[in-house]
Engineer: 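I have a structure I would like to understand better, so I am pasting it below and will then ask my questions one at a time.
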Amino acid sequence: MNTQELRKEAHDLDVTVWVGKSGIESVVGELNDQLADRNLVKAKFLRAALGGTTVDEAADDLAERVNAELIETRGKTAVFHR
């Protein structure tokens, strides 16, 4: 599947991972588990999770930690694919 198709598919997905003030570390395991079950996962970054970084930077970092591809970020939401 190419990136455009994945973006279309992700459009109707619900957010299933929330990154809050505990930061990225606290959701690595959860995101890993969800990516193992399905190939697309949508995550939302709360302002408290960012601590001075951008959503893009935080999403890149998270994608790297779970060995996934970052498909897109829009607002405070990111879509991951494995």
Side-chain angles (χ1 to χ4, degrees):
M1 241 187 213
N2 68 31
T3 304
Q4 193 172 3
E5 290 169 334
L6 290 168
R7 282 182 179 161
K8 272 186 196 164
E9 195 178 314
H11 180 44
D12 295 327
L13 276 183
D14 290 328
V15 171
T16 54
V17 174
W18 283 266
V19 185
K21 62 181 179 238
S22 304
I24 289 172
E25 279 298 318
S26 64
V27 298
V28 168
E30 178 62 29
L31 182 56
N32 240 332
D33 292 346
Q34 289 192 28
L35 283 165
D37 288 344
R38 53 190 182 277
N39 64 350
L40 275 179
V41 175
K42 201 180 263 189
K44 183 148 196 148
F45 292 84
L46 304 178
R47 196 172 341 141
L50 298 173
T53 63
T54 66
V55 172
D56 286 334
E57 290 168 337
D60 277 337
D61 186 16
L62 187 51
E64 210 170 279
R65 291 176 192 228
V66 296
N67 195 27
E69 182 184 358
L70 177 61
I71 298 301
E72 72 173 336
T73 57
R74 185 172 290 168
K76 294 201 177 339
T77 305
V79 178
F80 300 93
H81 174 259
R82 189 187 293 148

Engineer: Please check if the side chain of Lys42 supplies one atom and the backbone of Ala10 the other of a donor-acceptor pair under 3.5 Å.
Structural biologist: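 Such a contact is found between Lys42 side chain and Ala10 backbone.
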Engineer: Within a radius of less than 6.0 Å around CG of Asp37, do more than 12 heavy atoms belonging to other residues, nucleotides or ligands occur?
Structural biologist: yes
Engineer: CZ/Arg7 to CD/Glu72 distance, rounded to the nearest 0.5 angstrom?
Structural biologist: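 CD of Glu72 is found 5.0 Å from CZ of Arg7.
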Engineer: Does Val15 share a hydrophobic cluster with Val79, counting links as ILVMFWY side-chain heavy atoms below 4.5 Å and allowing steps through other members?
Structural biologist: no
Engineer: Supply the atom-to-atom distance Gln34 CD to Leu40 CG, rounded to the nearest 0.5 angstrom.
Structural biologist: 11.5 Å
Engineer: Can you see which heavy atom on Leu31 is nearest to which on Val66, and at what distance?
Structural biologist: CD2-CG2, 3.8 Å
Engineer: Taking the side chain as every heavy atom from C-beta outward, state whether Thr73 and Phe45 have any pair of such atoms under 4.5 Å apart.
Structural biologist: no
Engineer: Within this structure, what is the CG-OG distance for the pair Leu46 and Ser22, rounded to the nearest 0.5 Å?
Structural biologist: 10.0 Å
Engineer: Please check this pair: side chain of Glu57 against backbone of Thr54, looking for a donor-acceptor N/O pair closer than 3.5 Å.
Structural biologist: yes
Engineer: Go through the steps for Thr3 and Glu69 under the test side chain to side chain contact (heavy atoms under 4.5 Å, CB included), then give the verdict.
Structural biologist: CA-CA 10 Å; Thr3 304; Glu69 182 184 358; 4.2 Å; yes
Engineer: Distance from Asn39 atom CG to Glu9 atom CD, nearest 0.5 Å?
Structural biologist: 6.0 Å
Engineer: Kindly determine whether Val17 and Val41 satisfy side chain to side chain contact (heavy atoms under 4.5 Å, CB included), including the steps that lead there.
Structural biologist: CA-CA 8 Å; Val17 174; Val41 175; 3.9 Å; yes
Engineer: Which distance, rounded to the nearest 0.5 Å, do you find between the CD of Glu25 and the CZ of Arg65?
Structural biologist: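 Spacing of CD (Glu25) from CZ (Arg65) equals 4.5 Å.
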Engineer: Between Arg82 and Asn32, is any side-chain donor less than 3.5 angstrom from a side-chain acceptor?
Structural biologist: yes
Engineer: So which heavy atom on Trp18 is nearest to which on Val27, and how close?
Structural biologist: O-CG1, 3.5 Å
Engineer: Provide the closest heavy-atom pair for Ala78 versus Ala59 in the form atom of the first, atom of the second, distance.
Structural biologist: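 Here Ala78 and Ala59 meet closest at CB-CB, 3.8 Å.
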Engineer: Looking at Gln4, I want to see if its CD is surrounded by more than 12 non-hydrogen atoms of other residues, nucleotides or ligands under 6.0 Å.
Structural biologist: no
Engineer: Give the minimum heavy-atom separation between Ile24 and Ala58, together with the two atoms involved.
Structural biologist: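 Scanning both residues, the minimum pair turns out to be CD1-O, 3.4 Å.
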Engineer: So which heavy atom on Phe80 is nearest to which on Ile71, and how close?
Structural biologist: C-CG1, 4.5 Å
Engineer: Between Leu62 and Val19, is the side chain to side chain contact (heavy atoms under 4.5 Å, CB included) condition met? List the steps.
Structural biologist: CA-CA 10 Å; Leu62 187 51; Val19 185; 4.3 Å; yes
Engineer: Taking everything shown except Arg74 itself, do over 12 heavy atoms lie less than 6.0 Å from its CZ?
Structural biologist: no
